[in-house]
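Down below is the structure, laid out as structure tokens.
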Protein chains: 2
Amino acid sequence: MRDSSEGGRLDSFDLAILDILQKDNGTPQRVIGEKVNLSSAAVHRRIRRMQEEGVIVGNYAVVDPLRVGLPFTVVVEVHVESERLDLLDAAKRSFAGDPQVQQCYYVTGEADFVLIVTVPSMSAYEALTRRLFFGNNNVKKFRTLVVMDRIKTGLAVTLDDA
Amino acid sequence: MRDSSEGGRLDSFDLAILDILQKDNGTPQRVIGEKVNLSSAAVHRRIRRMQEEGVIVGNYAVVDPLRVGLPFTVVVEVHVESERLDLLDAAKRSFAGDPQVQQCYYVTGEADFVLIVTVPSMSAYEALTRRLFFGNNNVKKFRTLVVMDRIKTGLAVTLDDA
DNA sequence: GTTGAAAATAAACATGG
DNA sequence: CCATGTTTATTTTCAAC
């Protein structure tokens, strides 16, 4: 196994293709080819290579939480008691394994974890706090920030040339 | 224009389809049909309807930030001076408009905004703080939480039946 | 839900840098 | 030799019934 940045570097074609796919991965390869001045076959090969190399992590449809009965988004800061590795790992698994936890970050600074949570109701959030926080001895405290406006929500990333 | 929850309610077929598309929107409609016991045409019509109705917000490829030269993710809590609507709006626009700001939430509680930021270096983050925070009189203070581990990062949502 | 046409993807091949 | 473009085959999408 090679190092973690396996695979060759990305050229400007790759970046241009990624730029398009990040906005709409349903864009036909033919259209992408026209925009970046490449044949559709070349586009196809590059996309496949980037998938294999892990540059492209996945291809997802994004659903509006409001339309599927999940009107509440909550940001939670979690503080732990001990930073023992096994306890941190247990917490990570517990947070990541919960289907209502959309995102989970382990952070330095004034908190230890930041979670983005999507729930159908505030009582469901309360249940989640019991499940994940009160049910975990290693959680010292947590701060709840209720989202009033989801101003920007993508996972897209800026792609300037290196 | 109808109310914001325009469109009929989603049945369990829709939810099953969304479940699959949230994991991989490249899944052929034929395969989806096999999994949910529907003809591929029915699947096709349902997907199109959900796109038109806004249940499906978009279809995106997700890129690994590490592989495109953005190794640092930062969570920022922003506190504002005044909650005047025009000032809040200006802040929202400024945050959302910045390409390095991946996500931006307006929240209640001990902070006013939570940002998820992706940057090539910590000095780029410093530049961002100058741009967005020090350059904005209405930003009272901000807390920086540097992400050490991105444990879970999707936008996928749990789809239990209502 | 089934069928068939149009379109897209994916493989095979040949070529220039 | 690697990456491209062209051609061909396969698969998928999408509209008509």
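A note on names: the letters A, B, ... follow the listed sequences, proteins ahead of strands, and every chain is numbered from 1. The figures here come from the full heavy-atom set of this structure, side chains too, leaving out hydrogens, waters and symmetry mates.
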Separation of [N] [atom2] from [X] [atom1] (nearest whole Å):
X: B/Glu34; N: D/dT12; atom1: CD; atom2: C1'; value: 13 Å
X: A/Leu38; N: D/dA3; atom1: CG; atom2: P; value: 12 Å
X: B/Arg30; N: C/dA8; atom1: CZ; atom2: P; value: 19 Å
X: A/Ile47; N: C/dT9; atom1: CD1; atom2: C1'; value: 10 Å
X: A/Asn25; N: C/dA8; atom1: CG; atom2: C1'; value: 14 Å
X: B/Gln29; N: C/dA8; atom1: CD; atom2: C1'; value: 12 Å
X: A/Asp11; N: D/dC2; atom1: CG; atom2: C1'; value: 13 Å
X: B/His44; N: D/dA16; atom1: NE2; atom2: P; value: 12 Å

Between A/Phe95 and A/Tyr105, does the ring centroid distance fall short of 6.0 Å?
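Ring centres of A/Tyr105 and A/Phe95 not closer than 6.0 Å.
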
Let me spell it out: for each of A/Gly26 and A/Arg45, pick the nucleotide of DNA chain C with the closest heavy atom. Which residue's pick is nearer the 5' end?
A/Gly26

Count the heavy atoms of every other residue, nucleotide or ligand shown that sit under 6.0 Å from CE of B/Met122, and state whether that count exceeds 12.
yes

Before accepting this row, confirm whether a basic side-chain N of the pair A/Asp64/A/Arg150 lies closer than 4.0 Å to the acidic partner's carboxylate O.
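No, A/Asp64 and A/Arg150 are not salt-bridged.
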
Tell me whether the rings of A/Tyr106 and A/Phe113 are parallel (<30°), tilted (30 to 60°) or perpendicular (>60°).
tilted

How is B/Ala41 classified with respect to the nucleic acid when contacts are heavy atoms under 4.0 Å: base, sugar-phosphate, or nothing?
base

